[in-house]
There are 2 protein chains.
Amino acid sequence: MQVRDLIGERLRENLKSSLSELHELVARSLGDYGQRYTTNRRLLVEILAAATKPLGISEITVSGLGSDRNLPVSSTYRNLAILEECGVLRKLAGPNEQVRYELSEELTGIHHHHLVCYGCGRVDDFSLGYKLEKAIGDAVRAISHEYNFQVTEHRVDFVGRCIVCVG
Amino acid sequence: MQVRDLIGERLRENLKSSLSELHELVARSLGDYGQRYTTNRRLLVEILAAATKPLGISEITVSGLGSDRNLPVSSTYRNLAILEECGVLRKLAGPNEQVRYELSEELTGIHHHHLVCYGCGRVDDFSLGYKLEKAIGDAVRAISHEYNFQVTEHRVDFVGRCIVCVG
DNA sequence: ATAAGAATGAGACCTATTCTCATTATATGG
DNA sequence: CCATATAATGAGAATAGGTCTCATTCTTAT
């Protein structure tokens with residue numbers, strides 16, 4: 001695969017040395033909302049932490065348990081929603097209306113954006129340079145003021161076709 | 001409503017004086033794909049041209065015909081998809097996974113971005129300054145090259161809460 | 001006008017997500 | 001530790017947004 005995911009790899013390495021730290025952060029986030037950090041939820045967090053890109057529901061449930069059993073659908077939906085509410089995960093919509101989840105930036109500390117392929121629906125991470133991020137931050141403040149809108153997050157997605165789909 | 005939509009208004013005024021021009025452009029786009037520009041499709045285009053923001057399916061079908069009758073669901077979906085394929089419309093996903101459509105920028109000539117409210121799901125248009133757009137354009141080119149990805153479109157959405165939902 | 005092909009729209013169908021509820025796990029106080 | 005209360009689980013039913021089918025209607029070209 002030519003489209004590499006450097007950020008994802010960095011994150012993965014980071015996490016390898018600090019999975020327990022991640023779990024601790026998540027546990028605290030959940031605790032703030034009176035939620036428990038159960039086996040299932042830990043599993044979801046680990047799956048998403050190991051991924052180098054936002055994952056769709058089916059990718060999550062299938063990869064979840066051993067080779068035969070899948071994660072139960074209803075619990076997965078429920079837990080993903082709860083984890084999102086507690087600020088642990090972020091939900092995003094790819095093309096094809098496929099819903100995807102990733103660890104929140106608040107948790108990973110790695111601000112990034114998405115490359116969305118309209119051909120295959122693949123979504124990858126990338127990051128912008130410091131200057132551009134700063135300029136966007138300024139714009140956020142201006143717009144926030146001008147439109148009387150409290151901006152909590154900005155999304156910059158580049159949409160197009162990955163090298164596989166371009167042919 | 002405090003959150004005004006200046007772009008939408010500008011567009012609307014523009015269109016008032018040139019609806020026929022718009023229809024001509026759409027007809028040509030459809031023609032290129034061997035599609036007809038039927039009454040139904042004209043209606044969809046006019047609904048979206050009159051809107052000051054991307055519309056969800058239900059908003060489209062309900063506003064479509066007289067006070068009693070709604071636009072038929074199946075035809076609406078089909079036609080929206082066709083209009084999108086022909087480059088007349090752009091489909092985007094708000095929060096709540098609600099799908100929304102707007103006239104393509106290629107058609108309106110007005111490049112803009114979106115303010116997405118997580119409270120009520122409302123989506124409004126806004127535009128960035130020239131300098132920032134240029135910087136983003138540069139980034140697109142760099143990323144395109146670095147990731148071997150053909151970027152055809154960039155999306156900059158600011159997500160948060162509108163003044164109504166902030167309370 | 002007529003024939004050929006598109007578009008239409010009602011409703012069946014499909015599928016992703018949510019809901020329900022009986023069961024199981026977890027935490028806490030005695 | 002046990003008992004109890006409460007939360008989480010997961011199988012399957014229910015729902016809803018979206019797609020498909022097909023008989024009918026509209027277009028377009030001859």
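The chains referred to below are lettered A, B, ... by the order of the sequence lines, with proteins before strands, and numbering in each begins at 1.
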Taking only the side-chain nitrogens and oxygens of A/Thr38, find out if one of them lies under 4.0 Å from OP1 or OP2 of D/dA7.
no

B/Arg28: which residues meet the side chain to side chain donor-acceptor pair (under 3.5 Å) condition with it, sequence neighbours left out?
none

Sequence neighbours excluded, which residues qualify as side-chain contact (heavy atoms from CB on, under 4.5 Å) partners of A/Ala139?
B/Leu128, B/Leu132, B/Phe158

In degrees, rounded to 10°, what is the bend between the two ends of the helix from C/dA1-D/dT30 to C/dG30-D/dC1, using five pairs at each?
40°

Residue list, ring pair (Phe, Tyr, Trp, His ring centres under 6.0 Å) with B/His114, at least two apart or on another chain:
B/His112

Below 4.0 angstrom from OP1 or OP2 of D/dC26, is there any side-chain N or O of B/Asn40?
no

Taking NZ, NE, NH1 and NH2 as the nitrogens, is one of them in A/Glu59 or A/Arg100 under 4.0 Å from a carboxylate oxygen of the other?
yes

Side-chain donor-acceptor contacts of residues 39-51 of chain B below 3.5 Å, not counting sequence neighbours, with atom names and distances?
unit_1, atom_1, unit_2, atom_2, d
B/Arg41, NE, B/Asn79, OD1, 2.7
B/Arg41, NH1, B/Gln35, OE1, 3.2
B/Arg41, NH1, B/Arg36, O, 2.8
B/Arg41, NH2, B/Asn79, OD1, 3.2
B/Glu46, OE2, B/His23, NE2, 2.7

At a heavy-atom distance below 4.0 Å, what parts of residues 76-84 of chain A sit against DNA chain C?
A/Tyr77

Between D/dC26 atom C1' and B/Arg41 atom CZ, what is the distance in whole Å?
12 Å

Whole angstrom is fine here: how far is it from OH in A/Tyr37 over to P in C/dA27?
13 Å

Contacts of type side-chain contact (heavy atoms from CB on, under 4.5 Å), residue A/Arg78, not counting sequence neighbours
A/Ser74, A/Ser75, A/Ile82

Residue B/Ile57, side-chain atoms from C-beta onward, closest of D/dG18, C/dT17, D/dA11
D/dG18

Tell me every residue that passes salt bridge (charged side-chain N to carboxylate O under 4.0 Å, His left out) with B/Glu24, counting only those two or more places apart in sequence or in another chain.
none

Just how far, in rounded Å, is C1' of D/dT27 from CZ of B/Arg42?
14 Å

Any residue meeting salt bridge (charged side-chain N to carboxylate O under 4.0 Å, His left out) with A/Glu84, in chain and number order, not counting sequence neighbours
none

Atom NZ of A/Lys91 and atom C1' of C/dA16 are separated, to the nearest Å, by 12 Å

So, OP1 or OP2 of D/dG10: does either fall under 4.0 Å of a side-chain N or O from A/Ser75?
yes

Side chain to side chain donor-acceptor pair (under 3.5 Å) involving B/Gln150 - partner list, sequence neighbours excluded:
none

Pull out every residue in residues 29-36 of chain A that has a heavy atom closer than 4.0 Å to any atom of DNA chain D, ordered by number, or say none.
A/Gln35, A/Arg36

Listed nucleotide nearest any side-chain atom of A/Ser74, set C/dT26, D/dA11, D/dC20
D/dA11

Does the distance from a Lys or Arg side-chain N to an Asp or Glu carboxylate O, for B/Glu153 and B/Arg155, drop under 4.0 Å?
yes

With sequence neighbours excluded, what pairs up with A/Glu85 under the side chain to side chain donor-acceptor pair (under 3.5 Å) test?
none

